[in-house]
Visitor: 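Sharing a structure with you now.
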Amino acid sequence: MSEENTQKSALVPRLRFPEFREAGEWEEKSIGDSCESFSGGTPSTINKDFYGGDIPFIRSAEIDKNKTELFLTIEGLNNSAAKMVKVGDILIALYGANSGDVALARINGAINQAILCLRHETNNIFVYQYLSIKKEWIITTFLQGGQGNLSGDIIKGIKLFFPLPDEQQKIADCLSSLDELIAAEANKLDALKTHKKGLMQQLFPAEGETLPRLRFPEFREAGEWESKPLGKVCAVLQGYGFPEALQGRNHGKYPFCKVSDVSRAVAENGGLLTTAVNYVDEDDLSTLKAKCVPMGATVFAKIGEALRLNRRAFVQKECLIDNNVVGLKAIYGIADDHFVYILSQLIDLNKHCGGAVPSVNKSTLEAIEVIIPAPPEQKRIADCLAALDDLIAAQTQKIELLKRFKKGLMQQLFPVLDEAPA
């Protein structure tokens, strides 16, 4: 194929709605040429006396939310460089941990210099969806390249391809309908998690108590639950250093799980840990002098910011864990594996952290006091909540499949060129 034909084929998407298949090529425009843009001023320009009003003050971490913790008075807005955005504006986080995030404003409010607001000349939703699919490229090109922050000039210099307004609207409507479906399924997931949390509060004793408020009929005369150190309920399993020479294999007998794999299991698989990015084989176990974490163990981060999130994953396949992860395995005859997984979710590790960097060690975990019933009642509680966990896992997977479907569809609906900085 000639260079001319290659360029021409790249100016239309691979998938097009029937009514637009003869509509010609899309037109290249920079974001700065097709969108009105502005950001606000620094928070330090706003006197503290100007807080506490009725105007939401949106910060970069809140660009995709419909609420904020800070509010300005009219005087605060007028006496600062903060600027107002309205529902439906495109917001891009320029600084901080979420640099590159893009969202449609869900509330009318003021923004500071950490957010860039865009208003497209015809269709904000089309541009928002387009920027969403380019987010990874933006981060890789401009943030991982060493710059650390984005700027308005960087965003405005990015070039996109635009069809005629009718086709923009058709694409926007299609993707918005998928967003609505994903949001509806996310609401179902939130309802399941809320139901589980409420049920756990009933099935486990409140702090300082030894009896739950709700008990299965066959255990109502079974007496008080017993206080034990966690080390008498389950074994604490340590992780291992993961040599760089062994990293990078995407297949093998044993997943080698890092903190990111635990987080992914929670986010994408309802907490069930079945896979990892890296794998090792039987021969590697002797090299590492490592023992596998068995099925039924509970694993979680033991250091850093990931610890603060209190995420727990339930191991579904023998695996290794690295030295930033720790595991719990129920002691046979004392505790039930799934009960320990549920019980661990009630332990706030933040209360047991020490040092400037949050961390917990084996002895700290073993000393944590927990209240548990006899094994038969543990099993009854675990079976009840396991059914909810299965529903949560299935719903989580459903949402992830919808997100992947949307991402794949977007890759077909927008033209793809070899990306290069503008």
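Just so you know, these numbers use all the heavy atoms, side chains as well, and skip hydrogens, waters and symmetry mates. Here the structure is a predicted model, which is why all the values come from computation and not from measurement.
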Visitor: Which atom pairs, one a donor and one an acceptor, fall under 3.5 Å between side chains of residues 191-209 and the rest of the protein, sequence neighbours left out?
Guide:
from: Thr194; atom 1: OG1; to: Asp190; atom 2: O; distance (Å): 2.9
from: Lys196; atom 1: NZ; to: Gln345; atom 2: OE1; distance (Å): 3.1
from: Lys196; atom 1: NZ; to: Asp389; atom 2: OD1; distance (Å): 2.6

Visitor: So among Glu28, Glu25, Glu27, which one has a side-chain contact (heavy atoms from CB on, under 4.5 Å) with Leu11?
Guide: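 Per the side-chain contact (heavy atoms from CB on, under 4.5 Å) rule, the option paired with Leu11 is Glu25, out of Glu28, Glu25, Glu27.
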Visitor: To the nearest 0.5 Å, tell me how far Leu230 CG sits from Ile347 CD1.
Guide: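 Leu230 CG to Ile347 CD1: 5.0 Å, rounded to 0.5 Å.
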Visitor: Is the CD atom of Glu369 crowded by more than 12 outside heavy atoms at less than 6.0 Å?
Guide: yes
Visitor: Ignoring hydrogens and geometry beyond distance, is a side-chain donor-acceptor pair present between Arg308 and Asn310 at under 3.5 Å?
Guide: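 No, no side-chain donor-acceptor contact under 3.5 Å.
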Visitor: How long is the gap from CG on Asn98 to CD1 on Ile115, to the nearest 0.5 Å?
Guide: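 Result: 8.5 Å between the selected atoms.
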Visitor: Just checking Phe142 against Trp137, ring centres under 6.0 Å apart?
Guide: yes
Visitor: Quick one: do Glu62 and Lys65 make a salt bridge, cutoff under 4.0 Å?
Guide: no
Visitor: If the condition is side chain to side chain contact (heavy atoms under 4.5 Å, CB included), which residues does Pro255 pass it with, not counting sequence neighbours?
Guide: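 Scan of Pro255 (side chain to side chain contact (heavy atoms under 4.5 Å, CB included), adjacent residues dropped) gives Cys257, Ala276, Tyr279, Lys317, Cys319.
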Visitor: Could you verify whether a donor N or O on one side chain and an acceptor N or O on the other, from Ser363 and Asn361, lie under 3.5 Å apart?
Guide: yes
Visitor: For Phe256, what residues pass the ring pair (Phe, Tyr, Trp, His ring centres under 6.0 Å) criterion, not counting sequence neighbours?
Guide: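 Once residues adjacent in sequence are excluded, the partners of Phe256 under the ring pair (Phe, Tyr, Trp, His ring centres under 6.0 Å) criterion are Phe242.
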Visitor: If I take atom CG from residue Leu189 and atom CD1 from residue Ile182, how far apart are they, to the nearest 0.5 angstrom?
Guide: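 The CD1 atom of Ile182 is 13.0 Å from CG of Leu189, to the nearest 0.5 Å.
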Visitor: Which heavy atom of Ser177 sits nearest a heavy atom of Cys174, and at what distance?
Guide: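 Of all heavy-atom pairs spanning Ser177 and Cys174, the closest is OG-O, 2.6 Å.
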Visitor: Hey, is Asp64 close enough to Arg106 for a salt bridge, meaning N to O under 4.0 Å?
Guide: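 Salt bridge flag = no for Arg106 with Asp64.
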Visitor: Between atom OG of Ser60 and atom CD1 of Ile92, what is the distance when rounded to the nearest 0.5 Å?
Guide: 12.5 Å
Visitor: Taking everything shown except Phe405 itself, do over 12 heavy atoms lie less than 6.0 Å from its CZ?
Guide: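 Not more than 12 within 6.0 Å, no.
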Visitor: Sequence neighbours left out, what passes salt bridge (Lys or Arg N to Asp or Glu O under 4.0 Å) with Glu366? Give chain and number order.
Guide: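 Testing Glu366 for salt bridge (Lys or Arg N to Asp or Glu O under 4.0 Å), a comparison that skips the adjacent residues, returns Lys362.
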Visitor: Once salt bridge (Lys or Arg N to Asp or Glu O under 4.0 Å) is applied, do any residues pair with Asp89, and if so which ones, sequence neighbours excluded?
Guide: Arg119
Visitor: Pairing donors with acceptors under 3.5 angstrom, does anything connect the side chains of Thr287 and Asp284?
Guide: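 The criterion, which ignores hydrogens and geometry beyond distance, is not satisfied for Asp284 and Thr287.
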Visitor: What salt bridge (charged side-chain N to carboxylate O under 4.0 Å, His left out) pairs are there with at least one residue in residues 160-173, not counting sequence neighbours?
Guide: Arg16-Glu167, Glu19-Lys170
Visitor: State whether Lys398 and Glu185 are salt-bridged, where the test is any N-O pair (Lys NZ or Arg NE/NH1/NH2 against Asp/Glu carboxylate O) under 4.0 Å.
Guide: yes
Visitor: Take Phe300 and Leu328, measure what side-chain contact (heavy atoms from CB on, under 4.5 Å) needs, and give me the verdict at the end.
Guide: CA-CA 9 Å; Phe300 47 90; Leu328 303 175; 3.8 Å; yes
Visitor: Can you sort out the partners of His120 under ring pair (Phe, Tyr, Trp, His ring centres under 6.0 Å), two or more places apart, ordered by chain and number?
Guide: Phe162
Visitor: Okay, side chain of Gln316, backbone of Phe314: is any donor-acceptor separation there less than 3.5 Å?
Guide: yes
Visitor: Please check if the side chain of Asp336 supplies one atom and the backbone of Ala330 the other of a donor-acceptor pair under 3.5 Å.
Guide: no
Visitor: Looking only at heavy atoms, which two atoms of Gly88 and Asn124 are closest? And how far apart?
Guide: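 Between these two residues, the closest heavy atoms are O-ND2, 2.9 Å.
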Visitor: Would you sort out whether Asp261 and Thr275 count as a side-chain contact (heavy atoms from CB on, under 4.5 Å), showing the intermediate values?
Guide: CA-CA 8 Å; Asp261 297 304; Thr275 62; over 6 Å; no
Visitor: Calculate, to the nearest 0.5 Å, the distance between atoms CG and CG belonging to Leu288 and Leu246 respectively.
Guide: 5.5 Å
Visitor: With sequence neighbours excluded, what pairs up with Asn187 under the side-chain hydrogen bond (donor to acceptor under 3.5 Å, both in side chains) test?
Guide: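 Not a single residue meets the side-chain hydrogen bond (donor to acceptor under 3.5 Å, both in side chains) criterion with Asn187.
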Visitor: For the side chain of Tyr130 and the backbone of Phe161, is there at least one donor-acceptor N/O pair under 3.5 Å apart?
Guide: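 The answer is yes, because a donor-acceptor pair under 3.5 Å joins these two groups.
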Visitor: Under 3.5 Å, side chain of Asn123 to main-chain N/O of Ala172, donor-acceptor pair present?
Guide: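 Answer holds: no.
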Visitor: Decide side-chain contact (heavy atoms from CB on, under 4.5 Å) for Ile334 and Lys232; before the verdict, give the C-alpha distance in whole Å, the side-chain angles of both, and the deciding distance to 0.1 Å.
Guide: CA-CA 8 Å; Ile334 302 295; Lys232 298 293 185 180; over 6 Å; no
Visitor: Write down the atom of Asn269, the atom of Ala393, and the distance for their closest heavy-atom approach.
Guide: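 Closest pair (atom of Asn269, atom of Ala393, distance): O-CB, 3.7 Å.
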Visitor: Classify the side-chain pair Gln168/Thr122 by whether it contains a donor and acceptor separated by less than 3.5 Å.
Guide: yes
Visitor: Please give me the minimum heavy-atom distance between Leu365 and Val236, naming the atom from each residue.
Guide: CD1-CG1, 4.1 Å
Visitor: Short question: side chain of Arg249, backbone of Gln247 - any donor-acceptor pair under 3.5 Å?
Guide: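 No: the side chain of Arg249 does not pair with the backbone of Gln247.
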Visitor: Please list, chain by chain and in numerical order, all residues satisfying side-chain hydrogen bond (donor to acceptor under 3.5 Å, both in side chains) with Asn278, sequence neighbours excluded.
Guide: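 Partners of Asn278 under the side-chain hydrogen bond (donor to acceptor under 3.5 Å, both in side chains) test: none.
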Visitor: For Arg311, what residues pass the salt bridge (Lys or Arg N to Asp or Glu O under 4.0 Å) criterion, not counting sequence neighbours?
Guide: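 Testing Arg311 for salt bridge (Lys or Arg N to Asp or Glu O under 4.0 Å), a comparison that skips the adjacent residues, returns none.
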Visitor: Is Lys156 salt-bridged to Glu36, cutoff N-O under 4.0 Å?
Guide: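 Salt bridge between Lys156 and Glu36, a charged N being under 4.0 Å from a carboxylate O: no.
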Visitor: Strictly distance-based, threshold 3.5 Å: is any side-chain N or O of Ser286 a donor or acceptor partner for the main-chain N or O of Asp283?
Guide: yes
Visitor: Take a 6.0 Å sphere around CG of Asp348 and say whether it holds more than 12 heavy atoms from other residues, nucleotides or ligands.
Guide: yes
Visitor: Measure across Ile111 and Cys117 and return the closest heavy-atom pair with its distance rounded to 0.1 Å.
Guide: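 Looking at all heavy atoms of both residues, the shortest contact is CD1-CB, 4.0 Å.
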Visitor: Would Lys406 and Gln129 count as having a side-chain donor-acceptor pair, cut-off 3.5 Å?
Guide: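 On atom types as modelled, these side chains qualify, holding a pair under 3.5 Å.
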Visitor: Phe126 versus Pro163: any side-chain heavy-atom pair under 4.5 Å?
Guide: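 The answer is yes; the side chains approach within 4.5 Å.
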Visitor: Rounded to the nearest 0.5 Å, what's the gap from OG1 on Thr396 to CG on Leu401? Could you check?
Guide: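 Thr396 OG1 to Leu401 CG: 11.0 Å, rounded to 0.5 Å.
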Visitor: Would you say that Leu237 contacts Val326 through its side chain, given a criterion of any heavy-atom pair below 4.5 Å between the two side chains?
Guide: no
Visitor: Restricting to side chain to side chain contact (heavy atoms under 4.5 Å, CB included), what partner residues turn up for Ala265, sequence neighbours left out?
Guide: Leu273, Ala313
Visitor: What's the shortest heavy-atom distance between Thr364 and His352, and which atoms?
Guide: CG2-O, 3.7 Å
Visitor: Keeping the roles fixed (side chain from Asn108, backbone from Val87), state whether a donor-acceptor pair exists under 3.5 Å.
Guide: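 Yes; at least one donor-acceptor contact below 3.5 Å.
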Visitor: Just checking, is any N or O donor in the side chain of Glu121 or Ser34 under 3.5 Å from an acceptor N or O on the other one?
Guide: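 No - no donor-acceptor pair under 3.5 Å links their side chains.
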Visitor: Please assess Tyr128 against Leu118 for the test side-chain contact (heavy atoms from CB on, under 4.5 Å), listing each intermediate value before the final yes or no.
Guide: CA-CA 9 Å; Tyr128 157 69; Leu118 301 176; over 6 Å; no
Visitor: Output all residues satisfying salt bridge (Lys or Arg N to Asp or Glu O under 4.0 Å) with Glu282, sequence neighbours left out; order by chain, then residue number.
Guide: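 Counting only residues at least two positions away or on another chain, Glu282 forms a salt bridge (Lys or Arg N to Asp or Glu O under 4.0 Å) with Lys253.
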